[in-house]
2 protein chains.
Amino acid sequence: MAKTMTDAAEAMIRESGARVTRARVEVLAVLLKAERALSHHDVERRLNRSLGVDRVTVYRVLDWLSGCGLAHKIAGEDRISRYNAAEHAHSRAHAHFQCGRCGTVVCLDDADAPTEVPVPTGFVPHEVVLTVKGLCATCAHTRTSSSRHPPARARH
Amino acid sequence: MAKTMTDAAEAMIRESGARVTRARVEVLAVLLKAERALSHHDVERRLNRSLGVDRVTVYRVLDWLSGCGLAHKIAGEDRISRYNAAEHAHSRAHAHFQCGRCGTVVCLDDADAPTEVPVPTGFVPHEVVLTVKGLCATCAHTRTSSSRHPPARARH
DNA sequence: AAGTCACGTGCAACTATGTTGCGTTAAATG
DNA sequence: CATTTAACGCAACATAGTTGCACGTGACTT
Ligand SMILES: [Mn+2]
Ligand SMILES: [Mn+2]
Ligand SMILES: [Zn+2]
Ligand SMILES: [Zn+2]
């Protein structure tokens, strides 16, 4: 499975026409393996540390991936950007769930945002995103079971 | 007008039952006068400098205002939080426009987001926000008139 | 009006995410 | 293999927001 994702990543990057580097391949592979949007920090932790990829490089790769459409950048409530691999080419109007406690972001592939929304005169709309805020399964569960815990930021 | 907004702010805060302080009144008055969502920086610039309100206090007041529902916090693409006074009690499902160039955020009071969106099992939705990304009137205009300008971050 | 006290404030130091400049490395091409 | 140039590593920086603590003040009691 790991090998497959790495191969898939390499193919996608090669397809894009740009240089195929280890950092790009590995970061994209990490995103492809993930089941939710990953922050820079998440990516660093999941990267094979033996590769020794610099944190700035990870930032630049994530930026490049979202710039060329291979990934999808989502600005979180918590001032952290998270990235999804854009396997299923995201429609111009799709939906995300954001957990207000731990920051977890997942794509809601089922739901779709309205494509046409009235904007003030002169404004030029480009993309519509539907954001559902609430608690992820983990946070909702720990909230209800362990009665009263401080609202500290979770780390799962 | 300025006096009226200050009075309105004071009344709203008094209504909330919490302490009525100069910082809270002035910050809320600034938000009430604004026609768009304001960042911490925006608020500081618009505060009468003779009041000498500390920047940390402004952060805390903005946090308190959004916490008690007198204002509405919006996380921007640019990692900056912006705040709207919640005059017209925001519905649980409303829409915002965010300019991808200068970061300007305005409430789209006309549009409404779908109230019911399917989420994964265990997830608990709380609020739905429809975000339209694009260019505000100013940015769209300067982009089309002065043909090719660098994509630097605007400051209006 | 004076006294009390918890809540709000000012200040300084700090954290965290992300960015920039620059010299070096290594993909691509032939 | 040699050349070219985009990508990388490193260090320093930028900026939004947070925290700890001493002090001041709004609201409430007397
Ligand atoms: Mn998405
Ligand atoms: Mn709003
Ligand atoms: Zn969560
Ligand atoms: Zn703009």
Side-chain angles (χ1 to χ4, degrees), chain A residues 9-11 13-28 37-45 47 49-68 70-71 73-83 102-103 105 150-155, chain B residues 9-11 13-28 37-45 47 49-68 70-71 73-83 103 105 150-153 155:
Chain A
E10 186 174 326
I13 293 166
R14 179 148 283 134
E15 172 98 8
S16 84
R19 284 198 192 171
V20 181
T21 68
R22 229 179 8 154
R24 285 178 178 173
V25 173
E26 294 301 325
V27 170
L28 181 52
L38 299 185
S39 65
H40 171 270
H41 194 73
D42 294 333
V43 172
E44 266 203 312
R45 276 187 319 201
L47 275 179
R49 273 208 340 120
S50 69
L51 294 173
V53 183
D54 190 76
R55 48 176 232 104
V56 177
T57 300
V58 175
Y59 275 117
R60 292 199 265 232
V61 167
L62 288 172
D63 198 50
W64 178 79
L65 285 171
S66 67
C68 76
L70 287 176
K73 179 179 181 176
I74 301 147
E77 205 76 12
D78 51 5
R79 295 174 33 86
I80 297 177
S81 293
R82 290 178 175 79
Y83 300 82
C102 72
V105 172
R153 196 135 279 275
R155 192 153 295 273
Chain B
E10 187 176 327
I13 293 166
R14 180 148 282 134
E15 173 97 8
S16 84
R19 285 198 192 169
V20 181
T21 68
R22 228 179 8 153
R24 286 178 178 174
V25 172
E26 295 302 325
V27 169
L28 181 52
L38 300 185
S39 65
H40 171 269
H41 194 73
D42 293 333
V43 171
E44 265 202 313
R45 276 187 317 200
L47 275 179
R49 271 202 349 115
S50 69
L51 294 173
V53 182
D54 190 77
R55 47 176 234 107
V56 177
T57 300
V58 175
Y59 275 117
R60 292 198 264 232
V61 167
L62 288 171
D63 198 50
W64 178 80
L65 285 171
S66 68
C68 76
L70 288 175
K73 180 178 181 175
I74 303 147
E77 205 75 13
D78 51 5
R79 300 173 24 92
I80 296 177
S81 293
R82 291 179 175 79
Y83 300 82
V105 172
R153 196 138 278 274
R155 192 157 292 276

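Per chain, numbering begins at 1; letters A, B, ... match sequence-line order. A quick note: this is a predicted structure, and the numbers were derived from the prediction, not measured.
Residue B:Thr57 places no side-chain N or O under 4.0 Å from the OP1 or OP2 atom of C:dG8. Phosphate contact (OP1/OP2 of C:dA16, side-chain N/O of A:Arg79, threshold under 4.0 Å): absent.
Not a single donor-acceptor contact under 3.5 angstrom links the side-chain atoms of A:Arg60 to the base of C:dG18. Residue-to-nucleotide contacts include a donor-acceptor pair under 3.5 Å from the side chain of A:Arg55 to the base of C:dG18.
Across all strands, A:Ser39 comes closer than 4.0 Å to no nucleic acid atom at all (heavy-atom distances).
Side-chain contact between B:Asp42 and B:Arg45 is present, with heavy atoms from C-beta onward closer than 4.5 Å.
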*Passes side-chain contact (heavy atoms from CB on, under 4.5 Å), B:Tyr83 versus B:Leu38? Steps please.*
CA-CA 5 Å; B:Tyr83 300 82; B:Leu38 300 185; 5.7 Å; no
_Full working for side-chain contact (heavy atoms from CB on, under 4.5 Å) between B:Leu70 and B:Trp64_ = CA-CA 9 Å; B:Leu70 288 175; B:Trp64 178 80; 4.2 Å; yes
*Evaluate the criterion side-chain contact (heavy atoms from CB on, under 4.5 Å) for residue pair B:Glu26 and B:Val53; output intermediate values, then yes/no.*
CA-CA 9 Å; B:Glu26 295 302 325; B:Val53 182; 5.7 Å; no
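If you measure from atom CG of A:Leu28 to atom P of D:dA7, you get 15 Å, rounded to the nearest angstrom. One interatomic measurement links the two molecules: CD of B:Glu26 to P of C:dT9, which rounds to 12 Å at whole-angstrom precision. One interatomic measurement links the two molecules: CG of B:Asp54 to C1' of D:dC21, which rounds to 14 Å at whole-angstrom precision. Following rounding to the nearest Å, A:Tyr83 (OH) and C:dT17 (P) show an atom-to-atom distance of 13 Å. Regarding A:Tyr59, its OH atom lies at a distance of 18 Å from the P atom of D:dA12, rounded to whole Å. A straight line from CH2 of A:Trp64 to C1' of D:dA7 spans 11 Å, rounded to a whole angstrom. Distance NE2 (B:His41) to P (D:dA14): 16 Å, rounded to an integer number of Å. B:Asp63 has its CG atom 17 Å from the P atom of D:dA16, to the nearest Å.
Out of D:dG17, C:dC11, C:dT9, the shortest distance to the side chain of B:Val61 is found at C:dT9.
At least one donor-acceptor pair under 3.5 Å links the side chain of A:Arg24 to the backbone N or O of A:Arg19. The main-chain N or O of A:Ile80 is never found under 3.5 Å from a side-chain atom of A:His40 such that the two would form a donor-acceptor pair.
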*Using a cut-off of 4.0 Å between protein heavy atoms and nucleotide atoms, how would you tag nucleotides 25-30 of chain C 5' to 3' with B, S and -?*
--BS--
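Comparing B:Asp78 and B:Val56 by the nucleotide of DNA chain D that holds the closest heavy atom to each, the one mapping nearer the 5' end is B:Asp78. In this structure, A:Lys73 and B:Gly52 both approach DNA chain C, and ranking their closest nucleotides by distance from the 5' end singles out B:Gly52.
Taking every heavy atom of both residues into account, B:Gly76 and B:Arg82 meet most closely at CA-NH1, 4.3 Å.
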